[in-house]
J.: 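Below is a structure I'd like to ask you about.
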Number of protein chains: 2
Amino acid sequence: MNANAISKEPLYRQAKAHLLQRVCAGEWGESEMLPSEWDLAAELGVSQGTARKALAELVADGVLLRLQGKGTFVAPLPGDWGGGAVVMPGVFGGPADVLVREFLGVSRLSAGEEVASALLLRRGAPLFRVRLLWRHQGLPVATDEILLSAERFDDLDARALRARSASLHELLLRRYGVRVHVHAEQFRVEHLPREEAALLSVEPGRAALSVLSLSGPLMGDAVLWRQRYCLTDALAYTVMP
Amino acid sequence: MNANAISKEPLYRQAKAHLLQRVCAGEWGESEMLPSEWDLAAELGVSQGTARKALAELVADGVLLRLQGKGTFVAPLPGDWGGGAVVMPGVFGGPADVLVREFLGVSRLSAGEEVASALLLRRGAPLFRVRLLWRHQGLPVATDEILLSAERFDDLDARALRARSASLHELLLRRYGVRVHVHAEQFRVEHLPREEAALLSVEPGRAALSVLSLSGPLMGDAVLWRQRYCLTDALAYTVMP
DNA sequence: AAGTGGTCTAGACCACGGT
DNA sequence: CCGTGGTCTAGACCACTTT
């Protein structure tokens with residue numbers, strides 16, 4: 001924590017950015033303890049209080065977990081479904097239902113105006129298009145169309161995504177060092193396009209919940225556009241601020 | 001900060017609760033500065049650092065605003081629309097559109113099972129039912145049905161709510177000292193009931209975005225159930241975590 | 001007992017806004 | 001110039017978990 005740091009930013013912000021970078025680089029695996037406040041403070045050349053403030057912000061951002069008496073750990077990544085839980089309509093207290101991911105495929109296309117503007121790319125920039133299907137108790141309930149720059153994330157292949165346990169978020173973190181957070185979400189009612197209706201086994205034109213979300217690295221621009229169509233006959237899309 | 005305080009809670013939490021109570025009691029009006037950190041610390045009998053931590057949490061919770069060089073102020077209440085902004089679909093950067101509130105009326109009814117369970121009331125408990133209509137550029141785009149305990153919030157009258165500038169949130173704060181925050185929100189697609197369809201000038205059964213939200217005091221149970229129906233032909237309901 | 005994070009304190013200095 | 005909030009430091013003690 002010295003020389004080349006941007007001196008305009010507070011020390012604890014520089015420490016936070018430094019630690020975030022090391023977390024994203026995979027320096028500490030899941031269930032592996034980070035060094036203690038005092039050790040980190042010594043490494044970074046700051047006081048223990050400053051190191052603590054950086055760690056506290058990373059906890060608030062969902063990057064780290066701290067447990068009194070145990071230590072500091074890298075927080076598990078959210079699944080590809082994201083933060084919004086799915087529960088029975090009208091019931092707020094209950095546990096979230098489990099959704100199962102099914103990988104449909106990856107293709108390539110060119111960025112339209114909206115996507116290009118949201119992801120700060122030029123029109124026509126090459127994109128990867130990842131398609132997912134979500135099942136609840138075996139029945140399809142949602143489709144995802146995920147768009148991301150094919151230039152920034154080259155060599156994204158279907159093999160890794162097809163694995164049942166794999167997650168796009170994990171792939172982006174391990175291969176590109178990008179930890180993706182949701183920046184904003186838009187909810188609308190839309191009529192299902194033919195393709196989505198077929199995947200969800202309902203008639204085309206059926207009204208469904210459309211969830212458009214932009215994600216990207218913490219403290220960075222969005223890199224991931226996701227258009228989700230969700231059937232909400234028996235489920236509700238829940239968010240807790 | 002002494003005697004009757006719950007000694008199990010950290011000092012800064014006790015200070016936070018104490019300050020929150022004084023804010024809700026209306027001790028400081030809008031655009032009136034709170035005492036400085038040092039003065040508050042002296043009042044509460046804690047160190048300046050502890051007072052700062054309490055203030056910082058209240059800022060994070062949206063209760064206070066702090067401006068370097070100017071002072072600490074009570075944050076303005078969000079309008080009755082709440083946190084979710086409304087913008088053009090697919091456009092994330094733009095400014096939120098303005099919605100105009102129209103008060104339709106207050107009536108009384110008994111709590112059904114769902115509402116009673118969510119608000120921790122007994123089945124059949126008396127409720128107030130507040131009805132609002134939201135317009136965007138003159139056209140109706142959303143209806144609200146707001147339910148709250150008629151026992152806890154007695155003497156809620158239509159006169160105060162009918163005032164064009166009034167807000168239910170302000171009323172609850174000024175009359176009952178309750179500062180309401182959104183605890184959770186559920187999104188679904190629902191078919192418009194006759195009454196809502198008529199209010200929105202569309203045919204009954206039309207699919208609309210249903211937003212069910214529970215609100216209540218910071219650090220307390222929910223006291224307000226809101227069922228909103230929103231037309232999203234030209235608008236999208238946006239949330240930013 | 002030793003190590004971890006969590007709280008509390010005291011003091012110093014900086015950055016910003018108004019006088 | 002002063003008063004405000006914002007940052008940084010150093011040290012002490014507490015609560016919890018593990019050895």
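Note that these values count all heavy atoms, side chains included, but never hydrogens, waters or copies made by symmetry. Order of the sequence lines fixes the chain letters, A, B, ..., with proteins taken first and strands second; residue numbering starts at 1 for each chain.
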J.: Atom OH of B:Tyr12 to atom P of D:dC14: distance rounded to whole Å?
T.: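 About 18 Å, once rounded to whole Å.
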
J.: Output side-chain donor-acceptor pairs under 3.5 Å for residues 93-101 of chain B, partner residues at least two apart or in another chain, one line each.
T.:
unit_1, atom_1, unit_2, atom_2, d
B:Asp97, OD2, B:His136, NE2, 3.3
B:Arg101, NH1, B:Asp80, OD2, 3.0
B:Arg101, NH2, B:Leu161, O, 2.8
B:Arg101, NH2, B:Ala163, O, 3.4
B:Arg101, NH2, B:Ala166, O, 3.2

J.: Between A:Lys70 and D:dT18, is there a side-chain N or O to OP1/OP2 distance below 4.0 Å?
T.: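 Looking at the OP1 and OP2 atoms of D:dT18, one of them is under 4.0 Å from a side-chain N or O of A:Lys70.
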
J.: Please check if the number of heavy atoms outside A:Met240 that lie under 6.0 Å from its CE is greater than 12.
T.: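 At most 12 heavy atoms, drawn from other residues, nucleotides or ligands, come within 6.0 Å of this atom.
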
J.: Near B:Arg135 CZ, under 6.0 Å, is it more than 12 heavy atoms from other residues, nucleotides or ligands?
T.: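 Counting neighbours around CZ of B:Arg135, more than 12 heavy atoms of other residues, nucleotides or ligands fall under 6.0 Å, so yes.
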
J.: Restricting to ring pair (Phe, Tyr, Trp, His ring centres under 6.0 Å), what partner residues turn up for B:Trp81, sequence neighbours left out?
T.: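 For B:Trp81, the residues satisfying ring pair (Phe, Tyr, Trp, His ring centres under 6.0 Å) (neighbours in sequence not counted) are B:Trp134, B:Tyr237.
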
J.: Which of residues 62-69 of chain A sit near DNA chain C, with a heavy atom under 4.0 Å from it?
T.: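 A:Arg66, A:Leu67, A:Gln68, A:Gly69, in order of number.
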
J.: Within this structure, what is the CZ-OG1 distance for the pair B:Arg52 and B:Thr72, rounded to the nearest 0.5 Å?
T.: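 Spacing of CZ (B:Arg52) from OG1 (B:Thr72) equals 9.0 Å.
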
J.: Rounded to whole Å, how long is the line connecting atom CD of A:Gln48 with atom P of D:dC14?
T.: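 Rounded to whole Å, this separation is 16 Å.
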
J.: If you fit an axis to the five pairs at each end of the helix from C:dA1-D:dT18 to C:dG18-D:dC1, how big is the angle between those two axes, to 10 degrees?
T.: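 Inter-axis angle at the ends, rounded: 10°.
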
J.: Within a reach of under 6.0 Å around CD of A:Gln21, are more than 12 heavy atoms found that belong to other residues, nucleotides or ligands?
T.: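 No, the 6.0 Å shell around CD holds no more than 12 heavy atoms from other groups.
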
J.: Would you please name every residue forming a ring pair (Phe, Tyr, Trp, His ring centres under 6.0 Å) with B:Phe73, sequence neighbours left out?
T.: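 Partners of B:Phe73 under the ring pair (Phe, Tyr, Trp, His ring centres under 6.0 Å) test: none.
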
J.: Salt bridge between A:Arg66 and A:Glu37, side-chain N to carboxylate O under 4.0 Å?
T.: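 Yes.
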
J.: Does B:Tyr176 use its side chain to pair, donor to acceptor, with the backbone of B:Asp154 at less than 3.5 Å?
T.: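 Yes; at least one donor-acceptor contact below 3.5 Å.
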
J.: Please say whether more than 12 non-hydrogen atoms of neighbouring residues, nucleotides or ligands are located less than 6.0 Å from CZ in A:Arg123.
T.: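 At most 12 heavy atoms, drawn from other residues, nucleotides or ligands, come within 6.0 Å of this atom.
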
J.: Distance under 4.0 Å to a non-hydrogen atom of chain B counts as contact; along DNA chain C, which nucleotides mark the start and end?
T.: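 Footprint of chain B along DNA chain C, 5' to 3': C:dT7 to C:dG18.
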
